[in-house]
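Worksheet: one structure, shown below.
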Amino acid sequence: MKNIAIILAGGTGQRLGDTIPKQFLKVAGKKVIEHTLDVFQNHPQIDEIAVVSNPNFLNDVEAIVIKNSYTKLKKILQGGKERYHSSLAAINAYDGIEEFNLIFHDAVRPLVNDRIISDCIQALEKYNAVDVAIKTTDTIIQVNEKEYITGIPVRENLRNGQTPQAFKLSTIKKAYELALQDNGFKTTDDCGVVCRYLPDEPVYVVKGEQFNMKLTYKEDLFLLDKLFQLKSIAQQNETITPKAQSGLANSVIVVFGGSYGIGLDIVNICNCHGAHIYSFSRSENGVDISNKLLVAKALKEVYEKEGRIDAVVNTAGILDKEPLMNMSYEDVYKSININYLGAVIVAKESYPYLQDSKGALLLFTSSSYTRGRSLYSLYSSAKAAIVNFVQALSEEWYDCGVRVNCINPERTKTPMRTRNFGMEPDDSLLKSNVVAAVSVNSLFSSMTGEVIDVKIKRS
């Protein structure tokens, strides 16, 4: 049976307190609705997608569809004032003699995964109505109009509802036909309509996920961003993925800081898989990334030889483990110029080439970016700036098709670290070739605007 995903995007953003509806806000480099559509577009069992939009933002949805080439998206429908108006718009759009599976999902739940969708579709083989929920972890209390507790339901039987909610078209249509005859009809979700007006129809509950959260308040944007980072960790491969292998063949990649450590490992991986790789560094060929003329010259030489540049990686950096008050201003400027200004110069000079190729820029931060660390305040603050820089650039360059990401490795065994920290137990450090593999894979992923944490896999 045909599986049709209905993406409900009719929200106005009132609870978020923003003039832009929350589905059009950006997180991890894309608009929330784009992340959601990506999941359903890429799911092999979804045959068709329809978006039900806020009437004032139909043009925005149309622009998103065109830009992303969502081949499965066949209908953009106009929603109404209440949530159930959006559901009715989809039901009416597909009402006919043929039976369908309709899978309703909130546009502002961008972290729904393939497993949840697949489980909903499988459940529809046996049931006509399916919900998604997770166990309630908090104690729920019931109160009266005076805010007195009137009851405490047994938590074991309580669930927090999520989406998707999936139905046979004939079932949800019949439930709404009965509901619309009721003058006292009120609802917040479609499974509630089935439960109330088709009480003999069982609604099966598929297990959801804690991270399948709904963007409701401004604070949720921060949580979503962190959850996308955790998602990127879960999807990491320590070996080169087939997609990256295919992309590497004959691609043109420039690495700044490729003479040792993670940069050298990236160069070696790219060489092994047929990429046209070019490495620049101060020690190797005198290219200092804090010198815009040298960076521009290096990129121009590669472009004139190859005719394109598909990706630019900057691993160059210096770490001076020293109190600020002991540093000369010459050392202060050098640290800031290489660790931050250099990344800005690499990005700015790379942009025309990456815009032409719809390529990728990859920068590096450090785990110290989340908290300034004693004895390397300049390094920590520069790495925090890199994260903000990447997130901002990913939005600036998104419409041009240039992806920008940032690798955040846990403590890694590199010559720079050894010089500053001495010999450390091998099992306490990441191997630089592992970080390099994750870095290369990210160049050929669809991610943008993400801080990709790379951590030691612990048992």
Side-chain angles (χ1 to χ4, degrees), residues 2-13 16 20-28 30-95 100-121 124 130-132 161-167 169 172 176 188-191 206 208-209 212-216 220 224 228 446:
K2 196 172 184 179
N3 299 308
I4 300 172
I6 309 298
I7 307 303
L8 301 172
T12 60
L16 197 72
I20 303 173
K22 51 197 173 184
Q23 58 270 26
F24 297 109
L25 297 176
K26 284 190 176 179
V27 63
K30 294 183 179 182
K31 292 178 180 177
V32 171
I33 190 174
E34 290 177 299
H35 286 294
T36 304
L37 287 168
D38 286 346
V39 179
F40 287 90
Q41 169 69 30
N42 294 325
H43 194 287
Q45 291 177 278
I46 295 297
D47 300 298
E48 186 172 320
I49 301 171
V51 173
V52 187
S53 172
N54 181 315
N56 297 323
F57 289 87
L58 288 171
N59 290 339
D60 297 76
V61 175
E62 290 170 357
I64 287 170
V65 173
I66 293 170
K67 180 178 66 177
N68 291 279
S69 301
Y70 291 125
T71 57
K72 293 182 181 179
L73 206 157
K74 306 299 183 183
K75 297 181 188 293
I76 300 174
L77 307 171
Q78 183 170 310
K81 182 179 179 181
E82 303 294 337
R83 184 189 186 280
Y84 76 86
H85 292 147
S86 295
S87 298
L88 281 171
I91 293 166
N92 293 333
Y94 287 99
D95 187 17
F100 295 114
N101 290 334
L102 295 186
I103 302 162
F104 294 86
H105 185 69
D106 296 327
V108 290
R109 290 186 188 270
L111 282 164
V112 65
N113 62 15
D114 285 353
R115 195 276 302 166
I116 293 174
I117 297 170
S118 297
D119 285 357
C120 287
I121 292 171
L124 285 173
V130 178
D131 201 354
V132 172
Q162 299 182 335
T163 62
Q165 294 184 337
F167 310 90
L169 172 59
I172 191 66
Y176 268 106
T188 58
D189 75 306
D190 300 305
C191 281
V206 163
E209 300 280 1
N212 182 26
M213 65 174 286
K214 183 178 181 180
L215 171 59
T216 305
D220 297 336
L224 274 177
F228 271 107
S446 61

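Position 1 is the first residue of the sequence; numbering continues from there. Quick caveat, the model's predicted, so the values are computed rather than measured. All values below come from the heavy atoms of this structure, side chains included, with hydrogens, waters and symmetry mates left out.
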Looking at every heavy atom in both Pro21 and Phe57, which two are closest together, and how far apart are they?
CD-CZ, 3.2 Å
Return all side-chain donor-acceptor pairs below 3.5 angstrom for residues 34-41, not counting sequence neighbours, or 'none' if the list is empty.
residue	atom	partner	partner atom	Å
Glu34	OE1	Lys31	N	2.9
Glu34	OE2	Lys67	NZ	3.2
Glu34	OE2	Asn68	ND2	2.9
Glu34	OE2	Tyr398	OH	3.1
His35	NE2	Val27	O	2.7
Thr36	OG1	Val32	O	3.3
Thr36	OG1	Ala107	O	2.7
Asp38	OD1	Tyr70	OH	2.9
Asp38	OD2	Lys30	NZ	2.6
Gln41	OE1	Thr71	N	3.3
Gln41	OE1	Lys72	N	3.1
Gln41	NE2	Thr71	OG1	2.8

Nearest heavy-atom pair of Gly80 and Ser86: which atoms, and what distance?
N-OG, 4.2 Å
What do the steps show when you test Ile103 against Ile46 for side-chain contact (heavy atoms from CB on, under 4.5 Å), and what is the final call?
CA-CA 9 Å; Ile103 302 162; Ile46 295 297; 3.9 Å; yes
Using modelled atom types only, decide if a donor and an acceptor are shared between the side chain of Asp131 and the backbone of Gln165 within a distance under 3.5 Å.
no
Shortest non-hydrogen pair, Leu77 vs Ala90, comes out as CD1-CA, 3.8 Å
Does NZ or CZ of Lys2 fall inside the cone over Tyr94's six-membered ring, less than 6.0 Å from its centre and within 45° of the axis?
no
Roughly how far, to the nearest 0.5 Å, is the CD atom of Glu48 from the CG atom of Asn101?
12.5 Å
Taking every heavy atom of Ser118 against every heavy atom of Gln45, the minimum-distance pair comes out as OG-OE1, 3.3 Å
If you round to the nearest 0.5 Å, how far is CD1 of Ile172 from CG of Asp95?
12.5 Å
Can you measure from CD1 (Ile7) to CG (Leu73) and round to the nearest 0.5 angstrom?
8.5 Å
NZ of Lys22 to CG of Asp106, rounded to nearest 0.5 Å, is 8.0 Å
Looking at Glu209, is its backbone amide N or carbonyl O close enough to the side chain of Gln162 to form a donor-acceptor pair, meaning the two atoms are under 3.5 Å apart?
yes
Thinking salt bridges, do Lys214 and Asp220 make one under a 4.0 Å N-O criterion?
no
Taking every non-hydrogen atom, the tightest pair across Gln78 and Pro55:
CG-CG, 3.5 Å
Any heavy-atom pair between the side chains of Asn113 and Asn212 that's under 4.5 Å?
no
Below 4.5 Å, heavy atoms only, C-beta onward: do Arg83 and Asp190 meet side chain to side chain?
yes
Do you know which two heavy atoms are closest between Ile91 and Phe104, and how far apart they sit?
CG1-CZ, 4.2 Å
Which residue is it: Thr163, Asp119, Val206? I am looking for the one with a side-chain contact (heavy atoms from CB on, under 4.5 Å) to Val132.
Val206
In Å, rounded to the nearest 0.5 Å, how long is the span from OG of Ser53 to CG of Asp60?
7.5 Å
